Amino acid sequence: MSYSRNGVSQHKNKDNSQHITKRDKKEAKVKGNVQQLVQKSMTKNKSLYEDSLTINSIEQFENYKKMVKLEQKRESTIDISIILFKEPLRQRFERIQSIKTIQQLLAIPYYQLFCKMFLNLNKILINQTLAFQEIVIQFKQDYQIEFKVQYLQQFLSIWNDSFSLAWKHHMNNKLSLEVRINNQQFLQNDNKNIIFQQKLLNYIQTQGECIELFPLPNIENTQQQDIKLQEQESQMTQNICRDQQDYQKNNQLRSIAIQLQHYFHIRDVSNMYLINVEKYLIKQKFDLNFNNGLQKIINELILKYPEWINMIQGEKEQIIRINRSINIKQLMLEQECLDCN
């Protein structure tokens with residue numbers, strides 16, 4: 001009987017052992033799958049985020065935003081799993097509480113590198129504005145560091161006016177994120193780096209080790225600014241063209257007036273038919289169509305120099321009359337002086 005009970009007991013233990021082994025394998029498999037999903041999510045988010053800095057057009061940017069929203073919605077279920085894999089809250093709290101000075105902060109390799117990248121970025125941007133991709137290349141060449149946009153956003157979360165960011169449109173319809181330094185007065189010494197280290201220490205002590213990402217500039221506002229700038233440039237171009245046309249028009253009026261005085265002096269008359277004046281000016285190679293015909297030109301001359309020229313209606317044709325006692329060149333100079341005053 002005892003032997004029989006022992007056999008049953010051993011059989012039960014064996015079944016329990018097999019059950020535990022299967023459960024462990026199942027849990028390990030689930031955990032491994034979740035870790036793979038987390039890694040995949042982080043990789044995709046990184047790719048999506050970095051792609052946003054090489055957008056070719058506004059239309060592509062809108063598609064990019066939709067893609068990000070769909071991706072975030074699909075992967076929202078993984079957020080809980082990510083939290084589960086973090087170290088215990090008590091352990092993180094105790095580590096944060098142990099960091100009380102800048103020296104203790106810089107003793108941690110990650111924060112030491114983080115502060116060094118901030119200093120290097122300031123060195124790269126001395127007296128110049130660079131596109132973010134140019135900064136990435138510079139970091140890789142000079143410091144062998146893969147600089148990411150998240151670092152720049154975290155710098156701004158800690159010190160939000162240390163750098164200025166702006167989207168810039170290029171002739172090839174591409175966009176670039178332009179970065180420049182705000183406080184140039186810090187460049188001659190290490191004061192800016194010390195201030196940043198203190199701000200970083202304060203941030204960690206008050207908000208924890210998870211540094212938020214400062215939002216990038218709104219690209220839609222940039223588009224509106226570009227449209228406004230284009231409208232201003234178009235208006236300026238129109239004004240310049242109008243000024244050039246007015247200048248050419250005034251020059252032609254001056255030339256015609258001087259030529260008319262010369263013609264009336266040669267003919268030794270004060271009155272002349274409009275048709276004869278027109279034939280003479282055409283013979284002298286004047287483009288009368290430039291000012292919409294001779295009659296319009298004469299009317300404009302009358303408005304400018306009413307004491308010198310006039311037009312009256314004869315029995316059959318219109319007659320141009322000028323005051324030969326007035327020197328038209330002298331009258332022009334006097335009017336120019338009055339305009340200057």
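All values reported here derive from a predicted model rather than from experimental measurement.
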* Asked: So, for Glu212 and Tyr203, which heavy atoms are closest and what is the spacing to 0.1 Å?
  -> N-OH, 3.1 Å
* To the nearest 0.5 angstrom, please state how far the CD1 atom of Ile158 sits from the CG atom of Leu201. => 10.5 Å
* Asked: Should Leu303 and Ile256 be regarded as members of a common hydrophobic cluster, given that ILVMFWY residues are connected when their side-chain heavy atoms come within less than 4.5 Å of each other, either directly or indirectly?
  -> no
* Between Arg324 and Asp268, is there a salt bridge with N-O shorter than 4.0 Å? -> yes
* Asked: So, do Gln128 and Arg180 sit near enough that their side-chain heavy atoms are less than 4.5 Å apart?
  -> no
* According to a 4.5 Å side-chain heavy-atom criterion applied to Ile, Leu, Val, Met, Phe, Trp and Tyr, with indirect links allowed, do Val277 and Tyr273 form part of one hydrophobic cluster? -> no
* Taking the inter-plane angle between the rings of Phe155 and Phe196 on a 0 to 90° scale, is it parallel (under 30°), tilted (30 to 60°) or perpendicular (over 60°)? -> perpendicular
* When you check the side-chain N and O atoms of Arg321 and Asn310, is any donor under 3.5 Å from an acceptor? -> no
* If you group Ile, Leu, Val, Met, Phe, Trp and Tyr by side-chain heavy-atom gaps below 4.5 Å, do Ile211 and Ile195 land in one group? -> yes
* Taking Glu134 for its side chain and Leu130 for its backbone only, find out whether a donor-acceptor pair lies under 3.5 Å. => no
* **Separation of Asn193 CG from Leu119 CG (nearest 0.5 Å)** => 4.5 Å
* Asked: Checking Trp167 side chain against Pro217 main chain: does a donor-acceptor pair fall under 3.5 Å?
  -> yes
* Say whether Gln198 and Asn202, considering side chains only, have a donor N or O and an acceptor N or O under 3.5 Å apart. => yes
* Are any non-hydrogen side-chain atoms of Ile181 and Lys192 less than 4.5 angstrom apart? -> yes
* With distance as the sole test, does Gln144 use its side chain to make a donor-acceptor pair with the main-chain N or O of Gln141 at under 3.5 Å? -> yes
* Structure fact -> Nearest heavy-atom approach of Phe147 to Leu152 is CZ-N, 4.0 Å
* Asked: Does Lys140 reach the side chain of Glu146, with side-chain heavy atoms less than 4.5 Å apart?
  -> no
* Check whether any side-chain heavy atom of Val149 lies under 4.5 Å from a side-chain heavy atom of Val136, and answer yes or no. => no
* Asked: With a 4.5 Å limit on heavy-atom distance, are the side chains of Leu125 and Ile135 in contact?
  -> yes
* To do: Write down the atom of Ile204, the atom of Glu209, and the distance for their closest heavy-atom approach.
  => CG2-CG, 4.2 Å
* Nearest-0.5 Å distance that lies between atom NZ in Lys168 and atom CD in Glu178 -> 5.0 Å
* **Under 3.5 Å: donor-acceptor pair, side chain of Gln153, backbone of Phe214** => yes
* Compare all side-chain heavy atoms of Ile320 with those of Asn271 and state whether any distance is below 4.5 angstrom. => no
* Nearest heavy atoms of Gln197 and Leu105, plus distance in Å -> O-CD2, 3.8 Å
* To do: For the residue pair Tyr263 and Tyr280, categorise the inter-ring angle as parallel (less than 30°), tilted (30 to 60°) or perpendicular (more than 60°).
  => parallel
* Test item: Asn299 and Met311 side chains (from C-beta on) under 4.5 Å apart, heavy atoms -> yes
* Asked: Under a 4.5 Å side-chain heavy-atom rule over Ile, Leu, Val, Met, Phe, Trp and Tyr, are Val269 and Ile266 clustered together?
  -> no
* Compare every heavy atom of Asp161 with every heavy atom of Asn182, then report the nearest pair and how far apart it is. => ND2-O, 2.9 Å
* Evaluate the criterion side chain to side chain contact (heavy atoms under 4.5 Å, CB included) for residue pair Met117 and Leu121; output intermediate values, then yes/no. => CA-CA 6 Å; Met117 285 193 296; Leu121 180 58; over 6 Å; no
* Determine the sole option in Tyr151, Phe163, Phe139 for which the ring pair (Phe, Tyr, Trp, His ring centres under 6.0 Å) test with Phe118 is passed. => Phe163
* Asked: Looking at side-chain heavy atoms only, is the closest gap between Leu274 and Leu294 below 4.5 Å?
  -> yes
* **Joint cluster assignment, Phe132 & Ile137, ILVMFWY side-chain distance < 4.5 Å** => no
* Applying side chain to side chain contact (heavy atoms under 4.5 Å, CB included), run through Trp308 and Gln261 and close with a yes or a no. => CA-CA 10 Å; Trp308 174 70; Gln261 187 176 58; 3.8 Å; yes
* What closest approach, in Å, do Glu307 and Leu331 show between heavy atoms, and which atom pair accounts for it? -> OE2-CD1, 3.5 Å
